[in-house]
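First comes the structure, then the notes that go with it.
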Amino acid sequence: MGRGYLQQMKCNIAIDGPAGAGKSTVARILAERLGYLHVDTGALYRALTLLVLGKGIDPTDESAIAQLFQDAQVDMVLEPGGVKVLLNGEDVTEAIRGPEVSETVSVVAQHPQVREHLLHLQRRLAADGGVVMDGRDIGTVVLPDAQLKIFLTASAEERARRRMKELRSQGHKVTYKDILLSIRARDNLDAERPVAPLRAASDAIPLDTTGKDLDTVVEEIMGYLSSVGRCGGCFTDS
Ligand code: DC
């Protein structure tokens, strides 16, 4: 074993992909199975967007938004019912899913100062390992050393159908056509922005979920995990 000994450390798992590919649901189930913390990074961008909308700030005004950081405390806490998103101590887990936030969040997420601000929070949450983190730039920017990286995709039509079901079950009145348009618009914004655009890390495993049910996708990733090493106990040389 040479100098020292092998220290057991939990893996970090990065799941990236476009809106509605199922990242958050898959990440949540994986985290539950592994006893890891699930960090849905889109929720962090959404929480800041909710604040921007609430303050009546123009979402394109980066410097006005940056001013908000002084009094914006975004956090994630693991509670018995799941992970809660807190904005200045207030539970905004439900509020950040509304259509207004969904329409504005890509604009807010484009600003370099917003990304920099949230980068520190995301890295802090993953500092001790044992995190399943989903987003757009996790494998490329936030956690480039994650032990497992998955790039989850699905056709825009399938993603729109899933999102419609989810929103309707929460009581939102939405049409398929509007959701498809909004998903395509967000895909473009996320992929074309100059800072941390949506793209797969070169070492990410691509996984197309079109036509696959959740269990199949989760099992596939669990299979990759076992080949990565002993996840839930990655070994790192100390
Ligand atoms: O996954 P979601 O739909 O909740 O993400 C909301 C928005 O946040 C999405 O339009 C892109 C942005 N986002 C990002 O730019 N980087 C991340 N790591 C996560 C989300």
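Both counts, for ligands and for their atoms, begin at 1 and track the order of listing.
At a threshold of 4.0 Å, the pair E103-R186 does not count as salt-bridged, since none of the basic side-chain nitrogens sits closer than that to a carboxylate oxygen. Taking 4.0 Å as the cut-off between side-chain N and carboxylate O, E157 and R184 count as a salt-bridged pair. A salt bridge is absent between R136 and D16: the closest approach of a Lys/Arg side-chain nitrogen to an acidic carboxylate oxygen does not fall below 4.0 angstrom. A salt bridge is absent between K10 and D128: the closest approach of a Lys/Arg side-chain nitrogen to an acidic carboxylate oxygen does not fall below 4.0 angstrom. Classification of R162 and E166 as a salt-bridged pair fails, no side-chain N sitting under 4.0 Å from a carboxylate O.
Contacts of ligand 1 (protein heavy-atom distance under 4.0 Å) are T41, G42, Y45, R46, R97, V105, S106, A109, R115, G135, R136, D137, I138, R163, R186, D190, R193.
Within the structure, salt bridge (Lys or Arg N to Asp or Glu O under 4.0 Å) contacts touching residues 33-43 (residues at least two apart or in different chains) are R33-E219, D40-R97.
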